[in-house]
Number of protein chains: 2
Amino acid sequence: MQNGLEPASVTIRDVARAAGVSITTVSHVLSGHRPTGELTRHRVLAVVEQLNYRPNRVAQSLATRHTRTVGLILPDILNPFFPQLVHAIERSAIHAGYRLLLCHTDSLESLERECLEDLVARRVEGVIYMRGTAAPNPVLERLAEEHFPLVVLDEEVPGLVAPGVYAMNRLGGRMAARHLWQLGHRDVGVIGGPRGLVSVCDRVQGFQETYRRLGAPVPEERTVFTGFSVHGGQEAGRGLLLRHPELTAVFAANDLIAFGVIQAARELGRSVPGSLSVLGFDDVTTAAMVDPPLTTVRQPIRRMGSEAFRLLMGQVRGTWEPVRRQLPTRLVERGSTAPPERVRAVSAAGGATPPRSPGA
Amino acid sequence: MQNGLEPASVTIRDVARAAGVSITTVSHVLSGHRPTGELTRHRVLAVVEQLNYRPNRVAQSLATRHTRTVGLILPDILNPFFPQLVHAIERSAIHAGYRLLLCHTDSLESLERECLEDLVARRVEGVIYMRGTAAPNPVLERLAEEHFPLVVLDEEVPGLVAPGVYAMNRLGGRMAARHLWQLGHRDVGVIGGPRGLVSVCDRVQGFQETYRRLGAPVPEERTVFTGFSVHGGQEAGRGLLLRHPELTAVFAANDLIAFGVIQAARELGRSVPGSLSVLGFDDVTTAAMVDPPLTTVRQPIRRMGSEAFRLLMGQVRGTWEPVRRQLPTRLVERGSTAPPERVRAVSAAGGATPPRSPGA
DNA sequence: GGCGGGTTCCAAACCGTTTTGCATAATGGG
DNA sequence: CCCATTATGCAAAACGGTTTGGAACCCGCC
């Protein structure tokens, strides 16, 4: 390698020399950590301007032992849920003068570990950790034990004592159940996400528990699990609907899955919501744009992101405590759910309720 | 600030002391830059293991003058196009041992400049720059002049001589035009993205140029511009359709806009593609999931991302040259386009073509 | 005129690595 | 047995900043 490519950037030494002062002085006028003479200050500033000097942040980081960087570990950037989260975090971060080091793990545990190690080796001041796999992560555990600034976001890590920000998943599941129940659905199916994920368990259990309490427990074979993806939802949805044509509604553990279910339903000639209601989770921005617009349980994504960052900063500048924040979900009713056909027919006959027109 | 929070990480000095060798030796066994005795090596490695030593990457960076980091500047992470691009870049990056420093600019020129400055101050080895504004960026120009490793991605910067990777936008526009023309559309509208963006110009011009050549030039007032967002598309679409109800098809400069147009059409009681065909650009993953599935011009997103990274690496390790790579687009026909009603009626009467059922 | 106090500035140590030049020990050949 | 090598390991100088402890100077006051 030839080297010689570097623009041989100007150092603080160059500035000092050009301004005829010591390095120390330059540093002080730049940082303001100590008062400097009016005259020298202007001279230094002028030289800085003229030479277009910018302090080397890595040298600064080494000396000051802070990098103004936080690491982000996320499982799947293609799931629109995560970009929304990243966006919220980014806003907070930039506002606080921090940058984000991005690590996409593709839900691979090995990558997760590697990234985590690398991030701390790079001396990020903290890590916001979003997992996509249920596999235990020893590195994460060590970090938590050492009280390394860390906040778990979105997907809880069982057994880990560390600060975290989550949605009220169980509550969300209940909301979904109540909604479908009230519409009159008695034969419902559930499509969960990856097995072992706490959020999936909570959502599914919240849903099932409500149906059970209402007197119509969801039989085990009507609950299936798949990946958090459109494809997964489609496959699982097709299977479920084929085995249980009597189903009038399906609750999906996230919006991507719900999208897949809608496609599967269409494939099988079942209209949504006419012959099948579909309910999602997350309220990703595209949820309002699909056909039909998806009824879904909204997570307060922006607040989750900013809260996560806030918590992280709290740790960075002092007090580590394993706060566990849960933010409320809320049902967003759109066009993918409607009363089941039987009920519809009845109420239409009674002239009470016209068939609902799905619309924003 | 109490400090004392740092886990007081173990340094190379600690390892050296514990292993009873010099710092140099430790460094050498770890890097393999010089041969070391079998015995010492094992001893050092054992200590490293035991102390769980990880070299401080920022110190390493300072000493070696490389950070194994590249900066990413992108205008809008909420537009699913960019996460897809980021994903592709990330894959290449991680494979090459690099990490990504993420800068979301919200299409703000001031933020762009700031981020760029910060990234080079942080000594990223290169920058992949995606712009969302037409405003000139002096920092960018300086960097390009200095031959700082840089590749412009997706959105060209007029007047800048720097390596770049783009889609064949003009060609894409032509493809869109040809498609609509062949379906029989003669009254078409165009909704461009932000004014001044080269990609927008190219797409729109490619489209218009084709229609002109075919003998049905698009009148100026049927072309409007808006932001790259669903909302923008909806507003612009509503306005356009209100002023020009005679339109039978609309070409949108990206998928988000197209989604908005579809919503606007629905608002106005026009079915898609029944009474209005809509054609997008990008082929974002959600394009296949909206209703109706969007016919769109696909950009080779993955290839654009990996090619951008490849180009960047080329610069990092040596040769700067302002290569300009253009990747081909391709029309993906889905359900949002169909022959205009008039034509449909005719051909249906002629019994030639049954109304097309939009489907995947 | 000496002295306390406030300004300004600088020298030097440090942050945690890499890397070069050299010293020493071990090895082998003549 | 001695010398030329080769194998090993160390000390010290970077890398580009921050920060602390003083030194030098100026001021006004008693």
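Everything quoted here is computed from the prediction, not taken from an experiment. Chain A is the first sequence line, chain B the second, and so forth, proteins listed ahead of strands; every chain is numbered from 1.
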### Message
For a quick test of reading the model, state the closest non-hydrogen atom pair linking B:Ala162 to B:Leu150 and the distance between them.
### Response
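Closest approach of B:Ala162 to B:Leu150: CB-CD2, 4.2 Å.
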### Message
Ignoring hydrogens, what is the shortest heavy-atom contact between B:Val47 and B:Ala18? Give both atom names and the distance.
### Response
CG1-CB, 3.6 Å
Nearest-angstrom distance from the residue atom [atom1] of [X] to [atom2] of [N]:
X	N	atom1	atom2	answer
B:Leu62	D:dA13	CG	C1'	13 Å
B:Ile12	D:dA11	CD1	P	14 Å
B:Leu39	D:dA7	CG	C1'	14 Å
B:Glu38	C:dA25	CD	P	22 Å
B:Arg41	D:dG9	CZ	P	10 Å
A:Ile23	C:dT8	CD1	C1'	17 Å
A:Leu30	D:dT19	CG	P	12 Å
A:Asn56	D:dC15	CG	C1'	9 Å

### Query
When only distance counts, do a donor and an acceptor, one from the side chain of A:Ser22 and one from the base of C:dA11, lie under 3.5 Å apart?
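A donor-acceptor contact between them is absent.
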### Task
Might you work through the salt bridge (charged side-chain N to carboxylate O under 4.0 Å, His left out) test for B:Arg113 and B:Glu117, ending with a clear yes or no?
CA-CA 6 Å; B:Arg113 280 210 319 265; B:Glu117 295 262 29; over 6 Å; no
So which nucleotide from [options] ends up closest to the side chain of [X]?
X	options	answer
B:Thr25	D:dG9, C:dT19, D:dG17	D:dG9
A:Tyr53	C:dT18, D:dG9, D:dG17	D:dG17
B:His28	D:dC10, D:dT8, C:dT18	D:dC10
A:Arg65	D:dG17, C:dC10, C:dC15	C:dC15
B:Ala63	C:dT17, D:dT18, D:dT19	C:dT17

### Message
Please identify which of these residues, B:Leu74, B:Leu72, B:Ile73, meets the side-chain contact (heavy atoms from CB on, under 4.5 Å) condition with B:Cys115.
### Response
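One option only clears the test, and that one is B:Ile73.
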### Query
Which of these, B:Val157, B:Leu160, B:Leu116, sits in a side-chain contact (heavy atoms from CB on, under 4.5 Å) with B:Asn137?
B:Leu116
### Message
Check the phosphate of C:dT19 against B:His33, side-chain N and O only, distance under 4.0 Å to OP1 or OP2. Yes or no?
### Response
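B:His33 to C:dT19 OP1/OP2: side-chain N or O found under 4.0 Å.
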### Task
Specify the residue among A:Thr64 and B:Ser27 whose closest nucleotide of DNA chain C lies further upstream toward the 5′ end.
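Between the two, 5'-proximity favours A:Thr64.
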#### Entry: 5'-most by nearest nucleotide on DNA chain D - A:Arg13 or A:Val26
A:Arg13
Please work out if [X] contacts a base, only the sugar-phosphate, or nothing of the nucleic acid, heavy-atom cut-off 4.0 Å.
X	value
A:Thr40	sugar-phosphate
A:Arg34	base
A:Val21	sugar-phosphate

